[in-house]
Amino acid sequence: MIRFALTKFLGLAATLLVAAAITFAALDILPGDPARFILGINATPDAVAALREQLGLDAPALQRFFGWIGGMFVGDFGLSYTQGQPVGQLIAGRLGVTIPLTVIAMILSAGIGLPIGILAARRRGSFADAGLMVLAQLGVAIPNFWFGMLLVLLFSVTLRWLPPGGFVPWGENPFAAFASLILPSIALALPQAAILARVMRTALVDVQGSDYIRTARAKGLTLSEAVWKHGVRNAMLPVLTILGLQFAYLVAGTVIVENVFYLPGLGRLIFDAISARDLILVRSSVIILVLAVIGTMFLTDLAYAWVDPRLRSRKAE
Amino acid sequence: MTDLPAPEKRVWLRHPSLRIGAVASLVFLLVGFVSIAWVPYPIEVINVGAAMQDPSPAHWLGTDHLGRDMLSMIMKGTLTSFVVAAIAVAIGALIGVPLGLAAAAWGGPAEWFILRVNDFLFAFPALIIAILITTIFGPSAINAMIAVGIFNIPVFARVARGGALSLKTLDYVGAARLAGMGPIEIARRHILPNIASLIIVQATIQLALGILAEASLSYVGLGTQPPATSLGLMLKDAQTYALLKPSLALIPGITIILIVVALNLAGDGLRDQLDPKLRRLGGARGAA
């Protein structure tokens, strides 16, 4: 298991390094000089050159790249030249919105999707199964940001139960902060729940035909006991993979849904950085997103190997 | 695509979800294509005096906040969404399928390398690619195509490799090898025609995902730009006015849902018809 984890971890590190290199190279070839941007168009060439030196922009690209990577290890992401603040600080401030939003959405989608999938599989072929799967088919097709807009219209504008957008910082009023994340996380969770329900149902239906369920039945268990005790656990394997993938895409999804609810999360930070052409900020935010995605996939692999011992011995494909 | 014996083709069309999905998808596609030649009103013309009208005989779906005819917008938007998603599918299939075939044919280090590249691409949701491209080149519909296209590459590579690996051990492939055919020739003559159906199913599903992804990207301003329109861009505009007139948000949103459901039904139905065992692969999706 330790060897497996180590191999996977090396893969993670290599992927991150390549991703960082591509991101750095892509943004480094851009025209536009941050020093000139900071000083304005009337700055003298001498002043620009001096600032370039001070910012380390005159160093060779390779040196700046490793300087950036090395800096990130000690939490130094560079300085945002449009906001005049350390990038690390800016990102950390936004994660207080994005991470809770992702986690709540994940819990919701598993909490809704898995039971629906189990229910549909156990009543396979029934009216309820058909109805639930039609709902799932719809859920998969609904754009999450659009669903968010509908939620605002219903729960904020018409019923006035929840805030339509904006965010109260956690330190100020944790309840209000939580309340402002409820609708966005439902919007994010719905399509994911629909996917989970479908995967869970298919996995369970597959399992129901397996030999060990038949053996359990032969031992005297009812079908639902057998499915519950033996089936669900085995069916969880494919579901686990999807859960990991989903978490990764939820992180990306938050970036979009934050726009619907005017949440000051990582997404807003990135879009502001793009429009201001703040490359240092874009670069580090993108790496944080990539890290979230790759990190989640790494943890999924570990969880998978932990649940299914067969995978540990097999070489990672 | 033509590896099915003739009698099965009729069964094919009898599959209800396939039939409904295929017909509905074609109807939307047709609506989009009609908009190239004709729309009820030109969408470039702004007429604020006629803004936010309710549906009427003159404007079947009403007008938007700039007085543009919603039906015309939906027609044009449907076309943009389809075109962006279709080109993204083409990018993904044209690069991904050869990669997958090469991985299966050569094995060894080449396969290892392709699989690593695949894993790597998989770690980049279309959104992140779109953010990078937009920062470099500025926002445009082309960004969305490239971003979603890159996202599609590993998906097609995986399907092609899986299909090719299952065919590789068959007798006729061995016979072709004995006859002196090289791996590229075998892939082209024997493997590709036999995995074409798998690829078409995947293309249908990725088309649906692409339409959702285009909508997300345009909604946050990384995709289609005005004066062109897409279903996602319409939703971006609608957000400001949704309180005054919910139909501005409802109509494009429902159009997206109908198109995506139609494509998914067609894809699922096709897959069930081609190979019931493949059903379990459904579900792993999410683009933006």
Side-chain angles (χ1 to χ4, degrees), chain A residues 11 14-15 18-19 22-23 26-27 29-30 137-138 140-147 149-150 152-153 157 164 191-192 195-196 198-199 202-203 205-206 238 241-242 245-246 248-253 255-256 259-260 267 270-271 273-275 277 279 282-283 285-286 289-290 293-294 297 317, chain B residues 17 112 115-117 119-120 122-128 131-139 208-209 211-213 215-217 219-222 231-232 235-236 238-239 242-243 246 249-250 252-254 256-265 268 279-288:
Chain A
T15 312
V18 177
I22 291 178
T23 310
L27 296 180
I29 53 166
L30 280 184
Q137 185 75 260
L138 267 181
V140 172
I142 293 181
N144 52 19
F145 63 93
W146 181 75
F147 187 56
M149 288 159 82
L150 293 194
V152 170
L153 281 179
V157 179
Q192 309 290 345
I195 295 168
L196 271 184
R198 285 171 58 138
V199 175
T202 315
V205 166
D206 279 357
T241 317
I242 303 292
L245 269 181
Q246 287 206 322
Y249 289 115
L250 270 180
V251 175
V255 170
I256 288 169
N259 271 278
V260 183
I270 292 179
F271 292 117
I274 291 178
S275 45
R277 296 190 72 74
L279 302 185
V282 172
R283 172 171 97 179
S285 314
V286 164
L289 279 181
V290 174
V293 174
I294 304 179
M297 289 180 173
E317 216 190 1
Chain B
S17 86
W112 181 88
L115 286 176
R116 292 290 78 76
V117 172
D119 285 353
F120 179 75
F122 219 72
F124 279 88
L127 176 78
I128 297 182
I131 288 173
L132 275 179
I133 301 178
T134 308
T135 316
I136 300 171
F137 300 108
L209 276 180
I211 284 177
L212 281 176
S216 298
L217 293 178
Y219 170 72
V220 291
L222 299 178
L231 298 172
L235 287 176
K236 179 188 167 80
Q239 187 171 8
L243 294 184
L250 287 175
I254 291 170
I256 292 175
I257 295 174
L258 290 177
I259 296 176
V260 173
V261 166
L263 287 169
N264 279 338
L265 281 179
D268 288 356
R279 249 175 280 176
R280 72 178 66 180
L281 293 176
R285 45 174 61 142

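- Taking chain A as the reference chain and counting heavy-atom pairs below 4.5 Å, the highest number among B:L265, B:L250, B:I133 is found for B:L250.
- Take A:V205 and apply the side-chain contact (heavy atoms from CB on, under 4.5 Å) test, not counting sequence neighbours, and it matches A:A121, A:R124, A:R201.
- Heavy-atom distances place the side chain of A:V282, and not its backbone, under 4.5 Å from chain B.
- Heavy atoms of B:I259 lying under 4.5 Å from chain A are absent altogether.
- The contact between A:V157 and chain B is made entirely by side chain atoms (from C-beta outward), counting heavy-atom distances below 4.5 Å.
- Residue A:A19 touches chain B through both its backbone and its side chain, counting heavy-atom pairs closer than 4.5 Å.
- For A:L196, no part lies under 4.5 angstrom from a heavy atom of chain B.
- Contact annotation for B:A215: both backbone and side-chain heavy atoms come within less than 4.5 Å of a heavy atom of chain A.
- Contacts between A:L153 and chain B at a heavy-atom distance below 4.5 Å involve the side chain alone, from C-beta outward.
- For the set A:I142, A:L150, A:V251, the count of heavy-atom pairs under 4.5 angstrom toward chain B peaks at A:I142.
- Here A:L289 contributes atom CG and B:I131 contributes atom CD1; the two are 6.0 Å apart, rounded to the nearest 0.5 Å.
- Looking at B:L263, neither its backbone nor its side chain comes within 4.5 Å of chain A, counting heavy atoms on both sides.
- Considering only residues two or more places apart in sequence or on other chains, B:F120 meets the ring pair (Phe, Tyr, Trp, His ring centres under 6.0 Å) condition with B:F124.
- B:L222 has its side chain out of reach of B:P139: every pair of non-hydrogen atoms, C-beta onward, lies at least 4.5 Å apart.
- The two residues B:I256 and A:A141 come nearest to each other via the heavy atoms CG2-O, 4.4 Å.
- Across all non-hydrogen atoms, the minimal contact from A:M149 to B:A249 is CE-CB, 3.9 Å.
- With a 4.5 Å cut-off on non-hydrogen atoms, A:V260 touches chain B through its backbone and its side chain both.
- For the atom pair OG1 of A:T15 and CZ of B:R116, the computed distance is 8.0 Å after rounding to the nearest 0.5 Å.
- B:Q239 places none of its side-chain heavy atoms less than 4.5 Å from the side chain of A:F145.
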